[in-house]
Amino acid sequence: MTNRVINDFNNRFRVVRQRKVVNHKNIQFWPFLCADSGSNRLILSWYQYSSATSPEQSDIYISRMENHEEWKDPCRISGGISYNNAPCVIKLEDGRIAVYWHSWRSPGVCPFEGAGGMTYIWGALSKGKSLDQWFDPFLVFPDEEKQLYPSICRTFSGDFYLVYSKGYGEALGAAHSLDGINWVRVKDINGYKSINRPDIAIDKDGTIQVVFSAVEDKRRKVFLVKSEDAINWEGQELNLDVEEDLDRPKISIDSSGYYWIALQTDHWQPQTFSNTVELSDNRVVFRIESDKTAGNYNWAINAIQMENLESGSQKNYRFCGNEIAGIKDYVSVNPDCLYSIDKGFGLSRSVVSMKRMMGDEITSSFIYGDKPCEFIVNIQPGTYKTTITISPWLSGKMGTHISVNGTGIIQGTKMESYIIVGSLAPKARKWEFSKMDNGMDLERTRPSRIIDWRDNRRLMTWCYFSELEQGLALGDIATV
């Protein structure tokens, strides 16, 4: 059964952006929103880069809003030289707050490359209810590496379940706790390719619901599995009628018994562009720069292929870190490979490299920078086919512009992602999904769970990218 995604979001809901949590200098991602039961307090956690142009360090922050007023000054609950990501929040029996996230904790090691950059799930407990003071973070599963994207939920009987990605796409781990602090692992969820980014909800009958993304038929899709005992799982693909990759799903159940899923389309993938150019000089200069919009403060480039259409000769260059092994038919260009006439190729200045976990030998590695850079190659004049692979920096909108000997050939793309919201009424058998318009923003991604709020309203946070800034937004979703 295919679930249609229709453009009727504004006919079903009214969305009012009432609050922004904005930092013009740094980048804020992965908002987790929850309502503090028994009070008029909202809690918001996210991770934030140490700077807008460098991903080597990020930290977990938390803030609160009392009585729908203003967000309090955020408190940083992680620290040190590390890369912290994907927080989730839960209230414990004694009223304290627990936050869990994944982290690369090797000091000085970029999370995307280098030895010792394994990921672990960490947790932290507030010292009281104010969220201003926290105990030191602790390792949740110190005997297991490669843990990512934890998600936590409390049952109606008072115990807790935690799910997370493990093995970088091999399976989902699951654990049970009586107090939300001490965890016992239960059976993994597996049988899916490149499974990632789970989220969990539990209904009043104790049925555990987990959504996640996985690859099927060369596309990333969203799946939902259910279990009564966290051992035996029954699964289904949500089967939305969209051609884009889908990712970062969140699930929740409101007080009326409605199920909610928020997810996004995902264009955060490398793209390849081909052009035919006439080159009359003895060298070619590729100028690479960023347009600085939609959070893309850096340009990023993976590879350049050049084929002489007259002689058939070919030159292929792959941009990567110093420790990356070479691959057949490509010349490796590291961040400090500067141009010289004798060498015949190179960069106009030193830059920085990154290796992501996704992608193949070409698309997983790239170099990047916040200032323009040139890549120069000695050539024979002629007609060339250029094939260039570039990566997005933060949003699906490519901010990388490339010119060849002064003529622009890549001016970015317009493949912006957007959020999809789905609901399942009590006793209904089919989900209803609606596309959420990006409004005045260039892109909206990384939605939080949709939570109950007063007056039949539901709240959701997300990341927004505009021409001038990137930040977090709070949407007040009222049923029309």
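Using cut-offs of 30° and 60° on the angle between ring planes, the pair Tyr149 and Trp30 is tilted. In this structure, Phe212 and Tyr192 have perpendicular ring planes: the angle between them is above 60°, well past the 30° mark. In this pair, Phe29 and Tyr47 present their aromatic rings perpendicular. The plane angle is above 60°, beyond the 30 to 60° band.
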Run the numbers on Asn298 and Ser290 for side-chain contact (heavy atoms from CB on, under 4.5 Å), then give the verdict.
CA-CA 6 Å; Asn298 290 325; Ser290 171; 5.8 Å; no
Apply ring pair (Phe, Tyr, Trp, His ring centres under 6.0 Å) to the pair Phe375 and Phe319, showing each step before the final yes or no.
CA-CA 10 Å; Phe375 179 64; Phe319 302 100; 5.0 Å; yes
Take Asn84 and Ser103, measure what side chain to side chain donor-acceptor pair (under 3.5 Å) needs, and give me the verdict at the end.
CA-CA 4 Å; Asn84 302 280; Ser103 176; 2.8 Å; yes
Before giving the answer on side-chain contact (heavy atoms from CB on, under 4.5 Å), spell out for Asp179 and Leu92 the whole-Å C-alpha distance, their side-chain angles and the decisive distance to 0.1 Å.
CA-CA 7 Å; Asp179 59 6; Leu92 304 180; over 6 Å; no
Going through the distances and angles, do Lys250 and Ser448 end up as a side-chain contact (heavy atoms from CB on, under 4.5 Å)?
CA-CA 6 Å; Lys250 301 293 182 183; Ser448 71; 5.5 Å; no
Show the numbers, then the answer: is there a side chain to side chain donor-acceptor pair (under 3.5 Å) between Asp159 and Ser157?
CA-CA 6 Å; Asp159 52 345; Ser157 60; 3.1 Å; yes
Can Phe366 and Ile390 be said to form a side-chain contact (heavy atoms from CB on, under 4.5 Å), step by step?
CA-CA 8 Å; Phe366 57 87; Ile390 61 177; over 6 Å; no
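Looking at Ser58, its side chain never comes within 3.5 Å of a backbone N or O of Tyr83 through a donor-acceptor pair. In terms of modelled atom types and a separation under 3.5 Å, the side chain of Glu289 and the main chain of His401 share no donor-acceptor contact.
Classification of Glu144 and Arg185 as a salt-bridged pair holds, one side-chain N sitting under 4.0 Å from a carboxylate O. Using a cutoff of 4.0 Å between basic side-chain nitrogens and carboxylate oxygens, Asp266 and Arg220 are not scored as salt-bridged.
Other residues, nucleotides and ligands place more than 12 heavy atoms under 6.0 Å from the CZ atom of Phe141. For Lys371, the NZ atom is loosely surrounded, since the number of other residues' heavy atoms within 6.0 Å does not exceed 12. Residue Glu216 qualifies as enclosed at atom CD: its count of foreign heavy atoms under 6.0 Å is above 12. Heavy atoms from other residues, nucleotides or ligands lying under 6.0 Å from CG of Asp94 number more than 12.
Each of Asn190, Asp188, Leu172, Thr119 was evaluated against Lys166; a single residue qualifies, Asp188, per the side chain to side chain contact (heavy atoms under 4.5 Å, CB included) test. Exactly one of Thr363, Ile301, Ile362 qualifies for a side chain to side chain contact (heavy atoms under 4.5 Å, CB included) with Pro270. That residue is Thr363. Exactly one of Val222, Leu263, Leu224, Val210 qualifies for a side chain to side chain contact (heavy atoms under 4.5 Å, CB included) with Ile251. That residue is Leu224.
A side-chain donor from one of Ser350 and Asp336 sits under 3.5 Å from a side-chain acceptor of the other. With 3.5 Å as the limit, one finds no donor-acceptor pair spanning the side chains of Tyr418 and Gln264.
Shown here for Asp199 and Pro249, the closest heavy-atom pair between the two residues is CB-O, 3.6 Å.
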